[in-house]
Amino acid sequence: MSATPPYRFDRTATAAELHDRYAGLDDGTETADVVSVAGRMLLRRVQGKLAFGTLTDPTGRVQLFARTDSTPRFDEFAALSLGDWLGVTGTVMKTRRGELSVRVDEWCVLAEARRQFPDKWHGLVDVDTRYRQRYVDLWVNEEARRTFLLRSKVISSTRRFLEDRGFLEVETPLLHAVQGGATAKPFVTHHNALDMDLFLRIAPELYLKRLVAGGLERVFEIGRVFRNEGISPRHNPEFTMLELYWAYADYTDAMELTETLVAGLATEIHGTSKLTYGGRDLDLTPPWRRATMVELIAEHAGVEVDVAMPIDELRAIAKGLRVSFKPAWGPGKLVLEIYEKTSEAEIWGPVFVCDYPQEVSPLARVHRSKPGYVERFEPIVAGRELGNAFSELIDPDDQRARFEAQAAEKDAGDDEAMSVDEDYLRALEYGLPPTAGLGIGIDRLVMLLADVPNIRDVILFPTLRPESG
RNA sequence: GCGCCUCUAGCUCAACUGGCAGAGCAGCAGACUCUUAAUCUGCGGGUUCAGGGUUCGAGUCCCUGGGGGCGCACCA
């Protein structure tokens, strides 16, 4: 029926460019300017010897104006399917009703839409179809396209922000022989030639710190990590993490960097650091509140806890708050659990939750003045962890002891615990300077900035079960 | 993994306590020289997620399985 599509098309203007350039054009006038536009025709209004189409491209929409006396193959044009990709060349004009249009003087089909597009008014609502057929969703749901453009901007701005501060972007292995860098269940795969199991990384942390030991004083990586855990509105098995390591700095420097970065992104994208999320005000303007975990527990649960308290006392407090726990848990894990169950979701933030129990932080350096705690913080925004950071543990003996404690937990059946990473210890033995480390979940950051409630709204192809069951 | 909810035309949705599966948009045919979700006339369109059961009769009730959503668990 239609001719073979051309192999290329020279577009000279986008919809947005035309609207910018011809904003002042009077109604009912025609210019002598000839432009070429391309995109998808998603609406059509045929009226006898006239036909109007709405051409959509990633920048917006522009009307096509076809007329029997100036449009070649007019009948064919009027019979195009909604969704067809078109290349159109013609003069720029404004209709009598004031709609900026390109007169269709030449046109070709760039690709046929053999499948019908969703309802032009109701669009595509079914979330399953939206996630599976993102190639349709992106055309039909304006906010989907906007969200992914925003995501791209967040990542490129973050890169620029860090590069401007002397950070070097690096890439480290996704296939890990040793599980470490976070407490999480890994995906296991197998290398045939080496005949060995490998883990998809759960965090790039240990490799990045090796690089700081190697003299790359400021490094960062933005990349995918994989965790073999449940799927929820806030969890996807593969997600994107920013991690950075910064020699000669500590966790207070990481706090400043975090609030500057996040507020800067908000301002760059929305023009202000005062946002709303889910209908609620969210002010990201620095400085963010800094509070310790035990302070926040006192605020939200009304109890005083400390990792130095006798374990029975902590268990009694947990019971009183109806926080369930396992007998094997030490005081640190109990305090963390009490915090997570009673306080975290209540914190709207932004807040830096500081000073975690050492017991639950195998890679963080002991607090300079609080025994039993480490210099670690998580930025909490809208009741969610946005990241995790610490003054890095640089003492190889202490690190070995922490790894061994982790390995013991692994032997006791905790498949999220880390293994002893001898090569990493060797790197520490060569010497790692005082270093601050920061990890930020990019997906969650994008959720905040885009004001969407589900992580699948910020991941183009979220993990789903196969369609044909 | 467990609990609750959900699945009807390409899309968005109807179908009272079980009683002939419908509408709008999209599609097809036609009318229309400034439309804006164009309008008007006509037409076609279904494995009601799949399989089984109860019943004279199942989209509707029951069972099994599948997809999805939410909550819990786990985590960022």
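In what follows, every chain begins at residue 1, and chains take the letters A, B, ... in the order their sequences are listed.
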- Message: According to a cutoff of under 5.5 Å between the ring centres and under 30° between the ring planes, does A:Phe117 stack with the base of B:A26?
- Response: no
Base, sugar-phosphate, or nothing for [X], non-hydrogen atoms under 4.0 angstrom?
{"X": "A:Arg61", "value": "nothing"}
{"X": "A:Asn454", "value": "sugar-phosphate"}
{"X": "A:Gly28", "value": "nothing"}
{"X": "A:Arg130", "value": "nothing"}
{"X": "A:Lys341", "value": "sugar-phosphate"}
{"X": "A:Glu385", "value": "sugar-phosphate"}
{"X": "A:Glu378", "value": "nothing"}
{"X": "A:Arg96", "value": "base"}
{"X": "A:Asp126", "value": "sugar-phosphate"}
{"X": "A:Leu464", "value": "sugar-phosphate"}
{"X": "A:Val140", "value": "nothing"}
{"X": "A:Arg44", "value": "sugar-phosphate"}

No-hydrogen, no-angle side-chain donor-acceptor test under 3.5 Å, [X] and [Y]:
{"X": "A:Thr56", "Y": "A:Arg40", "result": "no"}
{"X": "A:Arg210", "Y": "A:Tyr245", "result": "no"}
{"X": "A:Asp33", "Y": "A:Tyr22", "result": "yes"}
{"X": "A:Arg456", "Y": "A:Asn236", "result": "no"}
{"X": "A:Ser419", "Y": "A:Gln406", "result": "no"}
{"X": "A:Thr89", "Y": "A:Glu106", "result": "no"}
{"X": "A:Tyr339", "Y": "A:Glu337", "result": "no"}

Report the distance from atom [atom1] of [X] to atom [atom2] of [N], rounded to the nearest whole Å.
{"X": "A:Trp121", "N": "B:A23", "atom1": "CH2", "atom2": "P", "result": "23 Å"}
{"X": "A:Leu242", "N": "B:A76", "atom1": "CG", "atom2": "C1'", "result": "13 Å"}
{"X": "A:Glu99", "N": "B:A38", "atom1": "CD", "atom2": "C1'", "result": "13 Å"}
{"X": "A:Arg67", "N": "B:U33", "atom1": "CZ", "atom2": "P", "result": "13 Å"}
{"X": "A:Glu229", "N": "B:A76", "atom1": "CD", "atom2": "P", "result": "7 Å"}
{"X": "A:Asp69", "N": "B:U33", "atom1": "CG", "atom2": "P", "result": "12 Å"}
{"X": "A:Glu344", "N": "B:C74", "atom1": "CD", "atom2": "P", "result": "13 Å"}
{"X": "A:Arg322", "N": "B:C72", "atom1": "CZ", "atom2": "P", "result": "16 Å"}

Ignoring backbone atoms, test whether [X] places a side-chain nitrogen or oxygen under 4.0 Å from the OP1 or OP2 oxygen of [N].
{"X": "A:Lys120", "N": "B:A26", "result": "yes"}
{"X": "A:Arg234", "N": "B:C74", "result": "no"}
{"X": "A:Gln47", "N": "B:A38", "result": "no"}

Name the closest nucleotide to the [X] side chain, picking from [options].
{"X": "A:Gln116", "options": "B:G10, B:U36, B:A76", "value": "B:G10"}
{"X": "A:Tyr131", "options": "B:A73, B:G69, B:G10", "value": "B:G69"}
{"X": "A:Arg465", "options": "B:A73, B:G68, B:A38", "value": "B:G68"}
{"X": "A:Pro233", "options": "B:U33, B:G71, B:A38", "value": "B:G71"}
{"X": "A:Val46", "options": "B:A26, B:C32, B:C70", "value": "B:C32"}
{"X": "A:Val127", "options": "B:C74, B:G68, B:U36", "value": "B:G68"}
{"X": "A:Leu124", "options": "B:A38, B:A26, B:U12", "value": "B:U12"}
{"X": "A:His122", "options": "B:A26, B:C34, B:G24", "value": "B:G24"}
{"X": "A:Val125", "options": "B:C13, B:A73, B:C34", "value": "B:C13"}
{"X": "A:Gln63", "options": "B:C70, B:U12, B:U36", "value": "B:U36"}

- Task: Please name the residue in the list A:Arg159, A:Lys209, A:Arg201 that meets the salt bridge (charged side-chain N to carboxylate O under 4.0 Å, His left out) test with A:Glu221.
- Result: A:Arg201
- Message: Quick check: on RNA chain B, is the nucleotide nearest A:Phe65 upstream (toward 5') of the one nearest A:Gly123, or the reverse? Name the residue that is more 5'.
- Response: A:Gly123
- Judged by nearest nucleotide, the residue sitting upstream toward the 5' end of RNA chain B, A:Leu43 or A:Leu50, is A:Leu50
Determine the interatomic distance between [atom1] on [N] and the same-named atom on [M]; round to the nearest Å.
{"N": "B:U48", "M": "B:A58", "atom1": "P", "result": "12 Å"}
{"N": "B:C43", "M": "B:U6", "atom1": "P", "result": "36 Å"}
{"N": "B:G30", "M": "B:U36", "atom1": "C1'", "result": "23 Å"}
{"N": "B:G59", "M": "B:C7", "atom1": "P", "result": "15 Å"}
{"N": "B:C5", "M": "B:G24", "atom1": "P", "result": "33 Å"}
{"N": "B:G45", "M": "B:G10", "atom1": "P", "result": "13 Å"}
{"N": "B:G69", "M": "B:A29", "atom1": "C1'", "result": "41 Å"}
{"N": "B:C25", "M": "B:C56", "atom1": "C1'", "result": "39 Å"}

- Query: When you measure from the side chain of A:Asp250 to the backbone N and O of A:Asp253, does any donor-acceptor pair fall under 3.5 Å?
  - Reply: yes
- A:Trp288 backbone acceptor or donor facing A:Glu259 side chain under 3.5 Å: yes
Using both distances under 3.5 Å as the test, list the Watson-Crick or G-U wobble partner of [N], or none.
{"N": "B:C70", "answer": "B:G3"}
{"N": "B:G51", "answer": "B:C63"}
{"N": "B:G46", "answer": "none"}
{"N": "B:A38", "answer": "none"}
{"N": "B:G24", "answer": "B:C11"}

- Item | Side chain A:Asp128 and base B:G69 donor-acceptor under 3.5 Å | no
